[in-house]
Amino acid sequence: MAHRILISGAGIAGPALACWLVDAGWDVTVVERDERLRDDGQNVDVRGAGREAVQRLGIEDEILARNTTETGTEFVNADGKPAASFDQDGDDGPTAELEILRGQLADVLHDRSADADYRFGDRIDTVEDHETHATVRFAAGDERDFDVVAIAEGQRSRTRDRLFDGVRLDALNVDIAYATIPRGPDDTDRWRVFVATDGRQVHLRPDNLGTIRAMLAFQTEPKGFDRLEPAEQIAVLRDRFAGAGWETERILDALSDSNLFYESLAQVRVPKWSTGRVVLLGDAAHCVTPLAGLGTSLALIGAYILAGELTSDDDHRAAFDRYEQRLRPLAEDVRALPPGVPGIAYPDSKLGGDLLRLGAKVAASPVGRALASVTPSSKSDFELPDYPSDALRRS
Ligand SMILES: Cc1cc2nc3c(=O)[nH]c(=O)nc-3n(C[C@H](O)[C@H](O)[C@H](O)COP(=O)(O)OP(=O)(O)OC[C@H]3O[C@@H](n4cnc5c(N)ncnc54)[C@H](O)[C@@H]3O)c2cc1C
């Protein structure tokens, strides 16, 4: 009988794991609480070993074909003139070679794993661990047995919180609102970043759909704004960003019709990533947040390693342990923010903003990288392990 896995969450990590295990001949079920694939989200990048993972999956060309068209990054003054510029330069630097809208990447991975059984509009109710299997009761009411269960429900995973001890979400005191707004005549193919006063940042990025992706980021104690209704979040943003300058008014005016996505940044820490037959994957295990970067690449790398370990060993416990031993050091390395971040990237005064733009002029400056909320490196020294399964070999 084929090995049976239930994956909870059809974001990036879940479908990536499904791709590998379908290829390896496993019986794969993916349950997603949303009624459909969540094809929203803004620009994400795939770097380092994450890029190697998509090459091995055979989807790199599809990702390149859906490139967001961003050619580089600029830190601008209030008048829109560039103060510092970074051209797209391979895997390092603010704009990577593989830039794709999150929803389009989810779509590519979902299509690539079409042989999995996707159950939308449902979720895990309970998991009962037995010697030979785990019995899952779904919210829809039915029960099924699986050999292993992977929880890939993202940063705020509720199943993780029910099944795992010691879960911590460490707030970074930064909220980010992502909005999709009409493209204007002066918009460019650059990621433009404006550091305003009072701990605020305003970003505009091009996409491949003819719209513009706006990001409003600001420092705040966790106030639960992420749990408000969109209309209330828009009111918070209008209040917080009043008078910020540059293109802010235009973004605020367009928010009502912008498919707003709002998050309060928090890094996830879980003492152990598996319990019994259940294992954590992606942001549910180690969310690093966009301030650290590499979250999508980590999800892709983790899915590859977990699939490799599971297909190499019939003992799921040993496989889970090796997966964690291999991935945790990388996740912790990525999560460690440069000294002073995020505070240094969200200055209170105009002088602070001017100093940051000056810092950004020095292309290699850690301050510049922190300012752009991007990873300082693709961690290119991390290499994907090789596994005996044909499905996980380099093609
Ligand atoms: C809608 C959305 C938009 C995003 N936009 C951005 C962005 O613009 N920029 C950025 O850097 N990162 C964004 N992210 C986060 C980014 O996708 C992740 O940091 C990274 O790719 C790791 O992905 P993941 O699969 O672990 O988690 P996610 O991509 O968060 O996927 C988790 C999936 O699990 C589902 N889920 C949650 N709870 C349950 C449950 N109880 N049962 C079943 N399914 C459940 C969610 O609906 C989601 O589909 C976004 C995430 C989401 C869900």
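This structure is a prediction, so every number in the text was calculated from the model and none was measured.
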message: Checking F138 now: which residues fulfil ring pair (Phe, Tyr, Trp, His ring centres under 6.0 Å) with it, not counting sequence neighbours?
response: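 Ring pair (Phe, Tyr, Trp, His ring centres under 6.0 Å) check on F138 returns nothing, list empty.
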field: Test ring pair (Phe, Tyr, Trp, His ring centres under 6.0 Å) applied to F218 - qualifying residues, sequence neighbours left out
entry: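 Result, ring pair (Phe, Tyr, Trp, His ring centres under 6.0 Å) vs F218: F241.
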query: Does a side-chain heavy-atom distance below 4.5 Å link L265 with P290?
result: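 Side chain of L265 against side chain of P290, heavy atoms only: contact under 4.5 Å found.
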message: I'd like to know whether CZ of R183 has more than 12 heavy-atom contacts from other residues, nucleotides or ligands below 6.0 angstrom.
response: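 Yes, enclosed.
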- prompt: With sequence neighbours left out, what residues match S113 under side chain to side chain donor-acceptor pair (under 3.5 Å)?
  reply: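 Y118.
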field: All side chain to side chain donor-acceptor pair (under 3.5 Å) counterparts of T248, not counting sequence neighbours
entry: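 Applying side chain to side chain donor-acceptor pair (under 3.5 Å) to T248 gives none.
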- request: Only one of E99, R190, Q88 passes side-chain hydrogen bond (donor to acceptor under 3.5 Å, both in side chains) with T71; say which it is.
  value: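 Option passing the side-chain hydrogen bond (donor to acceptor under 3.5 Å, both in side chains) with T71: R190.
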message: With side chain to side chain donor-acceptor pair (under 3.5 Å) as the rule and sequence neighbours excluded, what pairs involving residues 138-149 come up?
response: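 Of all non-adjacent pairs touching residues 138-149, those that pass side chain to side chain donor-acceptor pair (under 3.5 Å) are R4-D147, T29-R144, R119-D142, T135-D145, R137-E143.
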message: Hydrophobic cluster membership, with links at side-chain heavy-atom distances under 4.5 Å among I/L/V/M/F/W/Y: are W191 and L101 in one?
response: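 Per the 4.5 Å side-chain linkage, W191 and L101 are not co-clustered.
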task: Give the cluster check for L209 versus V44: same hydrophobic cluster or not, with ILVMFWY residues linked at side-chain heavy-atom distances below 4.5 Å.
output: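 Per the 4.5 Å side-chain linkage, L209 and V44 are not co-clustered.
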task: Quick one: list whatever passes salt bridge (charged side-chain N to carboxylate O under 4.0 Å, His left out) with D27, sequence neighbours left out.
output: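 D27 satisfies salt bridge (charged side-chain N to carboxylate O under 4.0 Å, His left out) with no other residue.
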Pairs involving [range], ordered by first then second residue, that meet salt bridge (Lys or Arg N to Asp or Glu O under 4.0 Å) (sequence neighbours left out):
range            : result
residues 292-301 : none
residues 252-271 : D170-R269
residues 301-310 : E309-R322, E309-R326
residues 151-163 : R156-D226

field: L6 and its side-chain contact (heavy atoms from CB on, under 4.5 Å) partner, picked from V127, I151, I124, V28
entry: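 Only one of V127, I151, I124, V28 forms a side-chain contact (heavy atoms from CB on, under 4.5 Å) with L6, namely I124.
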- prompt: With sequence neighbours left out, which residue pairs that include part of residues 270-296 fulfil the ring-ring contact (aromatic ring centres under 6.0 Å, His included) condition?
  reply: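 Every pair satisfying ring-ring contact (aromatic ring centres under 6.0 Å, His included) with a residue in residues 270-296: W273-H286, W273-Y323.
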task: Scan residues 150-172 for pairs that pass ring-ring contact (aromatic ring centres under 6.0 Å, His included), counting only residues two or more places apart or in two chains.
output: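 Qualifying pairs: none.
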If you measure from the Lys or Arg side-chain nitrogens to the Asp or Glu carboxylate oxygens, is any gap between [X] and [Y] under 4.0 Å?
X    : Y    : answer
D187 : R192 : yes
D321 : R328 : no
R51  : E97  : yes

- request: Any chance you could lay out the side chain to side chain contact (heavy atoms under 4.5 Å, CB included) test for E32 and L37, step after step, and finish with the verdict?
  value: CA-CA 8 Å; E32 163 61 48; L37 192 70; over 6 Å; no
message: Below 30° counts as parallel, above 60° as perpendicular, anything between as tilted: where do the rings of W20 and Y304 land?
response: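 Ring orientation, 0 to 90° scale: perpendicular.
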- request: Check step by step if salt bridge (Lys or Arg N to Asp or Glu O under 4.0 Å) holds for R66 and D107.
  value: CA-CA 11 Å; R66 299 189 194 205; D107 207 35; 3.6 Å; yes
